[in-house]
Amino acid sequence: MKAAAAILSKDFYSELRTRYALNSLIMFVIVTLSIILFSTAGETVSPSLSAGILWIIIFFAAMSGLSRSFVSEEERGTAMTLQLWVKPSSVLIGKLAFNSLLIYVLNALIIVAYLVTMPSFAVKAPLVFFLTILIGSFGLASASTFIAAIISKANSKGTLYPVLSFPILLPLLISVIDATRLSVEGGSFAEALGDFKIMFSYSVVVTTVAIVLFDFVWRD
Amino acid sequence: MKTWMKIVIGIWIAAVIAIGLAMPIGYIPGLGAKARIIYFHVPMSWLAVLAFFMSMWYGINYLRKKDMRYDIKSAAAAELGFVFSILATITGSIWAKFSWGSFWNWDPRETSIFVLLLIYGAYFALRSALEIEERRASLSAVYSVVAFVTVPFFVFIMPRIMFSLHPGGGGSPAPILNSSGKMYMEASMRYVFYASLIGFTGLYIWLFQIRTKIGLLNYNSLLEND
């Protein structure tokens, strides 16, 4: 646990020093959002469609940002040092903690920008929306952190990442999009309960499998 | 596999196809003669899922024993599973055209087979992006396990939560996929269905053995050249 916290703080400080991930991700979000605004200019976007678009932005932002956690270790040649000093599970937990933190910050930015620019996206059920983002972002972070560990060993990392992640993330994406749609349409908590169950069980299952299998990915 | 077994499989499947198309079937409400697709579509989906499971099974065995033969088998099962998924998608899509009026309308069942195809596609993309054999074997095995644990969400949970037009979902006639776990088919139809399942499973085993043999020969010649 201590080692995991050390990895989290290492990644946190190296991110503060370079601001590589956050700067490029903010630009990515602005670019994507403006493309969507250009293409929907003058159209009325229905609330359910706007819920889907929000998650498209979040998904691709995560895909362009989260792979760095492991790819940078391989590129800088520091993966070997971590393998020597730290238990594999601590590496995964530390990286997962950092990626969850990153995606929470990022999602907060995306949602604020989206609420400001998309008039049809008005959250009527704040509790449902908040829980969706809370559980959904963690599930997204845990699946994509693990896939990042796999692709960091492969060629053509950038293209492979979304290709591998999408089918794994789809159960989560379908339920978060449905829950977001409900929150925009003013659905009750009870209506979204099925989605929350899927999100929660998905996050638990994927995190568990990731911790069990990470050893094989990390030490090959 | 012995030569006579291959001949038996050939004759068996030919007979299943002929009987399946020619034999009169009892009246099934809402499905009618279109229910004949059961003989072909259901075995294809069954083999797609079986092959997917076998691929993961051999993958886990590779991770435990680090024997390249398991990786070759895992890849062979995945390739066959991909072919059977495509066949299940095509047969289902043709049936959907005549029952629902369109080839594709994102029914939960259609979504789940689509995701299965995506997973296989991603699996092959991952394999081709990894050059070192041991690394390719262990990483693709890990990926197949992760993919397999997310599949139940599609195959079992979502079609039951969401409304589906597929037989077995939302009050449509359900000869096979239903909550009580029984089959509602006439005895004669059931025999042809089982015969078809057995025949196509035999075909799968045959193809799997050929593919494994080719994989092993390739791997051995690779070792000799090094």
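Residue numbers begin at 1 in each chain, while the letters A, B, ... track the order of the sequences.
Nearest heavy atom pair, residue L139(B) against residue K153(A), reads CD1-CB, 3.6 Å.
Other residues, nucleotides and ligands contribute more than 12 heavy atoms inside 6.0 Å of the CZ atom of F124(B). Environment of OH in Y104(A): crowded, with over 12 heavy atoms of neighbouring residues, nucleotides or ligands closer than 6.0 Å. Within a 6.0 Å radius of NZ in K66(B), other residues, nucleotides and ligands contribute more than 12 heavy atoms. Taking a 6.0 Å sphere around CZ of F12(A), one finds it holds 12 or fewer heavy atoms contributed by other residues, nucleotides or ligands. For W85(A), the CH2 atom sits in a loose shell: 12 or fewer heavy atoms of surrounding residues, nucleotides or ligands are nearer than 6.0 Å. Taking a 6.0 Å sphere around NZ of K197(A), one finds it holds 12 or fewer heavy atoms contributed by other residues, nucleotides or ligands.
Screening D215(A), V209(A), V217(A) against V142(B) for a side chain to side chain contact (heavy atoms under 4.5 Å, CB included) leaves a single residue, V217(A).
Interface residue F146(A): only side-chain heavy atoms are found under 4.5 Å from chain B. Both the backbone and the side chain of I168(A) come within contact range of chain B, each with at least one heavy atom under 4.5 Å from a heavy atom of that chain.
The choice from V206(A), L169(A), L213(A) that makes the most heavy-atom pairs within less than 4.5 Å of chain B is L213(A).
A distance-only check finds a donor-acceptor pair linking the side chain of Y143(B) to the backbone of L164(A) [under 3.5 Å].
Here the CD1 atom belonging to I150(A) is positioned 9.5 Å from the CG atom belonging to L130(B), to the nearest 0.5 angstrom.
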- Could you give me the CA-CA distance, side-chain angles and deciding distance for V115(B) and F166(A), then say whether side chain to side chain contact (heavy atoms under 4.5 Å, CB included) is met? CA-CA 9 Å; V115(B) 172; F166(A) 182 67; over 6 Å; no
